[in-house]
Every structure is written in C-alpha cells, then in structure tokens.
Amino acid sequence: MPPIPGSGLAKGLAVTLRTMTRRSVTAQYPDTQPELPPRSRGVIGLFEENCTVCMLCARECPDWCIYIDSHKETLPAAAPGGRERSRNVLDRFAIDFSLCMYCGICIEVCPFDALFWSPEFEYAETDILELTHERDKLREWMWTVPAPPALDPGAEEPKELAAARKTADKLAAAQQQQEQEDGE
C-alpha cells in the first residue's frame, strides 16, 4: 500500500506537539551535579605504587600525550653472596589532556593495573598549557575511581582462583592424611 501523502509531515508535527506540551527539564549544572553512569570516563587516575615504568602506556598511546621519565636504582643483594638488582624509579608521569582522545588504550595495555578511569570531569583550565597534569594530580584522581562491579554470580570462577583452591585442597588432604598416619 503506498504511503499517504503528507503522513511524514503529520508524524513530525505530532512529535512536535507532544514535546511542546511537556514541561522542560533543565539541570542547572553548577548547582545540581549530574548523575553519571557507574563506569563513566572522566580523567585517568594513576595508582603510582603499581607503576613499574614499563612505558607500555606511552608507547601505545596514539596521541603521544603521556610523558614518563625515570631513572634506575641499584638495590643491594638480599642475601649474602647474592647479586645486586636494579629497578626503575618513576620521576615524572604526566598526561596532556589537551591531546588525549580518551580512547582508554593506555588503561587496557597497563599490565600492572596502574591506570584507571575516574568519573571526575571538572578539570577545565583557562590556559591550554595547564591541561598537562602531573602525577600528583593523577594520584588525587585515583581516589575517585569507583570499585569494580561485582562478578556475575553465575559466571565461571577465574582460572587463578580455581588453581589456587585445587592446590589448597591437595595440601589440606595431604595434611589430614599425615595426621591420620601420625595418630595410628
């Protein structure tokens, strides 16, 4: 059946009349904070204790907006006759949010869970040069990161937990068998 001429116009006018009769809802932003989705992307928070200065985040960033500086420290041998160890120490970790496109690649590639999305979104500056935030500011944002969502109760147990539980069960069974043999 061919469409009735003017039916598209009538549908459009119906939508317009419906919205004209509704009361408008405007949230006055500075006075009323918006309700953000639970895992919204605001800024990137740095958990400095987990950062090993592996530079993966800076290498994988398509915008090259992550700046990392570090130096090596030599640690003395833990045991006599052991060898000295060296480790990287983080000197500077900065993100230029004027270049960042909020893709999240840096967070995904971090093998040590040092970077997280924070829902914080009020970090506007009057000068574009001030949008490069150093590790102190990134560390502050880390404490606004929400807890991860709970696991699905019907989901499989992670392989690491299953292996650890299996090992613990074997050790408990061996210990119980040893106690039975000692009791006889």
Test side-chain contact (heavy atoms from CB on, under 4.5 Å) applied to Arg135 and Leu90, step by step: CA-CA 10 Å; Arg135 68 181 180 177; Leu90 185 65; 3.7 Å; yes
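- Distance alone, capped at 3.5 Å, is enough to place a donor-acceptor pair between the Arg59 side chain and the Cys54 backbone.
- Side-chain atoms of Ile68 and Arg92, non-hydrogen and from C-beta on, never get closer than 4.5 Å to each other.
- Between Trp117 and Ile44, the closest heavy-atom pair is CZ3-CG1, 3.8 Å.
- Phe93 CZ to Ser70 OG: the interatomic distance, rounded to the nearest 0.5 Å, is 11.5 Å.
- Under the 4.5 Å side-chain criterion, counting only non-hydrogen atoms from C-beta, Phe121 is not in contact with Ser40.
- Panel note: side chain Asn88, backbone Lys72; no donor-acceptor pair is recorded below 3.5 Å.
- When only modelled atom types and interatomic distance are considered, Thr74 and Ser86 share no side-chain donor-acceptor pair under 3.5 Å.
- Summarising the geometry, atom OG1 belonging to Thr132 is positioned 12.0 Å from atom CD1 belonging to Ile66; distances are rounded to the nearest 0.5 Å.
- Val145 and Leu36 sit in two unconnected hydrophobic clusters of ILVMFWY residues. Membership requires side-chain heavy atoms under 4.5 Å apart, directly or through other members.
- The hydrophobic cluster containing Leu171 does not contain Leu161, counting ILVMFWY residues as joined when their side-chain heavy atoms lie under 4.5 angstrom apart, directly or transitively.
- Here SG of Cys57 is found 7.5 Å from CD1 of Ile95. Values are rounded to the nearest 0.5 Å.
- A perpendicular orientation is assigned to the rings of His133 and Trp141, their planes being inclined by more than 60° (bins at 30° and 60°).
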Candidate pair Tyr29 and Glu122, rule side-chain hydrogen bond (donor to acceptor under 3.5 Å, both in side chains), full reasoning: CA-CA 11 Å; Tyr29 164 63; Glu122 297 175 321; 2.4 Å; yes
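- Contact of the Leu46 side chain with the Met142 side chain is not registered, since no non-hydrogen atoms from C-beta on lie closer than 4.5 Å.
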Please report, to 0.1 Å, the donor-acceptor pairs under 3.5 Å made by any side chain of residues 98-111, with sequence neighbours excluded.
{"residue": "Ser98", "atom": "OG", "partner": "Asp96", "partner atom": "OD1", "Å": "2.6"}
{"residue": "Ser98", "atom": "OG", "partner": "Asp96", "partner atom": "OD2", "Å": "3.4"}
{"residue": "Tyr102", "atom": "OH", "partner": "Tyr123", "partner atom": "OH", "Å": "2.2"}

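- Taking 4.5 Å as the limit, every side-chain heavy atom of Phe47 sits out of range of all side-chain heavy atoms of Arg139.
- The 12-atom threshold is not exceeded at CD1 of Ile128, counting heavy atoms of other residues, nucleotides or ligands nearer than 6.0 Å.
- From Arg83, atom CZ reaches atom CZ of Arg85 across 4.5 Å, with rounding to the nearest 0.5 Å.
- For the pair Glu84 and Leu75, the minimum side-chain heavy-atom distance is 4.5 Å or more.
- Between Glu134 atom CD and Lys137 atom NZ the span is 12.5 Å, to the nearest 0.5 Å.
- Counting non-hydrogen atoms of other residues, nucleotides and ligands closer than 6.0 Å to CD of Glu49 gives a total above 12.
- Summarising the geometry, atom CZ belonging to Phe116 is positioned 12.0 Å from atom OG1 belonging to Thr144; distances are rounded to the nearest 0.5 Å.
- Applying the 6.0 Å contact sphere to CD of Gln33 captures more than 12 heavy atoms from other residues, nucleotides or ligands.
- His71 and Asp91 form a side-chain donor-acceptor contact under 3.5 Å, judged by distance and modelled atom types alone.
- Between Thr26 and Gln28 the shortest side-chain heavy-atom distance falls below 4.5 Å.
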